[in-house]
Amino acid sequence: DVQKGAIASWNHGLMILGQHDAFIPGADDLTWHPGWLNAALAALQTLPGHQGLVGFNDLDRTDQMATHFLVTRQCIIDVMGGVLAIPAYHHYWTDPEMNARAILAGCYIWCKEAIVEHRNAMNGKAEDDETYRQASQWFKEDEATFNRRRTLGFPDDFEPVIQ
C-alpha cells in the first residue's frame with residue numbers, strides 16, 4: 001500500500017468532492033472542540049462575499065497562522081490556484097502559503113473561537129511515530145520552497161484540481 005501523503009490526499013479529496021461549497025483539510029491528529037464549526041461559519045460571514053479562508057485556533061501557534069482551516073470553493077478557484085493544498089511541497093509549508101495567499105487577497109480571518117487543536121509530535125502533544133518521522137525529513141526543504149515561492153509571488157505553477 002503506497003502512501004500518497006497529506007497534500008496529494010487532500011487534493012484527491014477535492015477532485016472527488018469539488019462541487020461542495022467549502023472544505024477542511026483535516027488530519028488524524030486534530031481534536032475538534034465544541035462549537036468550532038459554528039464559530040468558523042460565523043467568521044466566514046464576515047469575509048467579503050462570504051468567501052475565503054477561516055483559520056482555526058490550534059491551541060499551539062500564537063501568530064494567527066492557521067495550520068488547519070475552512071476554505072471556500074470559490075477561494076480555492078480564485079486564490080489557491082484550484083487546489084486544497086499547494087502541491088509544490090512534500091508535507092510542510094502548504095498551510096503558510098495558503099494563509100499568505102488569502103491574506104494578500106483580502107479573504108483571510110483567524111477565528112480564536114474555532115478551536116481545532118493540533119496534537120502532533122512537533123508541539124509535544126503526540127508520540128513521534130513513523131508518520132511524523134517520515135514527514136520531518138521534508139521540513140527544511142519545504143521551508144526553502146516556501147521562501148523561494150514567496151519571492152516569486154506564490155505562482156500557480158501547478159495544475160488545478162478544480163476550476
- [ ] Decide, yes or no, whether a salt bridge links R101 with D156 under the criterion of side-chain N to carboxylate O below 4.0 Å.
- [x] yes
Task: Whether over 12 other heavy atoms sit under 6.0 Å from E159 CD - done: no
Task: A114 versus A39, closest heavy-atom pair with distance - done: N-CB, 3.7 Å
- [ ] Determine whether F69 and V54 make a side-chain contact, defined as any pair of heavy atoms from C-beta on separated by less than 4.5 Å.
- [x] no
Open item on the list: Hydrophobic clusters here meaning ILVMFWY residues chained together by side-chain heavy-atom distances under 4.5 Å, can you tell me if L17 and I162 are in one?
Closed with: yes
Open item on the list: Hydrophobic cluster membership, with links at side-chain heavy-atom distances under 4.5 Å among I/L/V/M/F/W/Y: are I103 and W110 in one?
Closed with: yes
TODO: Look up atom CD1 in I76 and atom NE2 in H20, then write down how far apart they are to the nearest 0.5 Å.
DONE: 11.5 Å
- [ ] Assess the pair W93 and F139: is the distance between their ring centroids shorter than 6.0 Å?
- [x] yes
Open item on the list: Please check if the number of heavy atoms outside D21 that lie under 6.0 Å from its CG is greater than 12.
Closed with: no
Open item on the list: Using only atom types and a distance under 3.5 Å, with no angle test, would you say the side chain of R149 pairs donor to acceptor with the backbone of P155?
Closed with: yes
Open item on the list: Checking D95 against T67: is there a side-chain donor and acceptor pair closer than 3.5 Å?
Closed with: no
Task: Closest heavy-atom pair and its distance - L70, A22 - done: CD2-CB, 4.0 Å
TODO: Work out which heavy atom in Q64 is nearest to a heavy atom in Y108; give both atom names and the distance.
DONE: O-OH, 2.6 Å
- [ ] Measure the spacing between CE of M80 and CD of E97 and express it to the nearest 0.5 Å.
- [x] 8.5 Å
TODO: Could you tell me whether a side-chain N or O of N57 sits under 3.5 Å from a main-chain N or O of I115, the two making a donor and an acceptor?
DONE: no
TODO: Would you indicate whether the side-chain heavy atoms of R148 and L152 approach each other to under 4.5 Å?
DONE: yes
Task: L14 side chain near F23 side chain, heavy-atom distance below 4.5 Å - done: yes
TODO: Any chance you could measure W138, atom CH2, to H90, atom NE2, to the nearest 0.5 Å?
DONE: 4.0 Å
TODO: Compute the ring centroids of F146 and F154, then answer whether they are less than 6.0 Å apart.
DONE: yes
Task: Taking every non-hydrogen atom, the tightest pair across A102 and L53 - done: CB-CB, 3.9 Å
TODO: Determine, step by step, whether D29 and H118 satisfy the side-chain hydrogen bond (donor to acceptor under 3.5 Å, both in side chains) criterion, reporting the C-alpha distance in whole Å, the side-chain angles of both residues, the deciding distance to 0.1 Å, and the verdict.
DONE: CA-CA 6 Å; D29 57 3; H118 197 188; 3.2 Å; yes
- [ ] Locate the shortest heavy-atom distance separating L30 from G26; write the atom from each residue and the value.
- [x] CD1-CA, 3.9 Å
Task: Gap between atom CG of L41 and atom SG of C111 - 0.5 Å precision - done: 9.5 Å
Task: Centroid-centroid under 6.0 Å between W36 and F56 rings - done: yes
- [ ] Check the pair I77 / Q163 against side-chain contact (heavy atoms from CB on, under 4.5 Å), numbers first and verdict last.
- [x] CA-CA 6 Å; I77 293 167; Q163 299 182 46; 5.6 Å; no
Task: T72 side chain to G52 backbone, donor-acceptor under 3.5 Å - done: yes
Task: Pairwise side-chain contact, E117 with D58, heavy-atom cut-off 4.5 Å (strictly under) - done: no
- [ ] Please test H33 against V116 for side-chain contact (heavy atoms from CB on, under 4.5 Å), starting from the C-alpha separation and ending with a verdict.
- [x] CA-CA 6 Å; H33 287 239; V116 178; over 6 Å; no
TODO: Apply side-chain contact (heavy atoms from CB on, under 4.5 Å) to the pair C107 and V79, showing each step before the final yes or no.
DONE: CA-CA 9 Å; C107 62; V79 179; 4.0 Å; yes
Task: Heavy-atom closest pair, residues I86 and M98 - done: CG1-CG, 3.8 Å
Open item on the list: Using side-chain contact (heavy atoms from CB on, under 4.5 Å), reason through V161 and L84 one step at a time and then give a plain yes or no.
Closed with: CA-CA 8 Å; V161 173; L84 185 55; over 6 Å; no
TODO: Establish whether M15 and F158 are linked, either directly or via other cluster members, by ILVMFWY side-chain heavy-atom contacts under 4.5 Å.
DONE: yes
Task: E141 versus Y92, side-chain donor and acceptor atoms under 3.5 Å - done: no
Open item on the list: Nearest 0.5 Å, please: how far is CH2 in W10 from CD1 in I24?
Closed with: 12.0 Å
Task: Atom pair OH/NE2 of Y89 and H91 - distance to nearest 0.5 Å - done: 13.5 Å
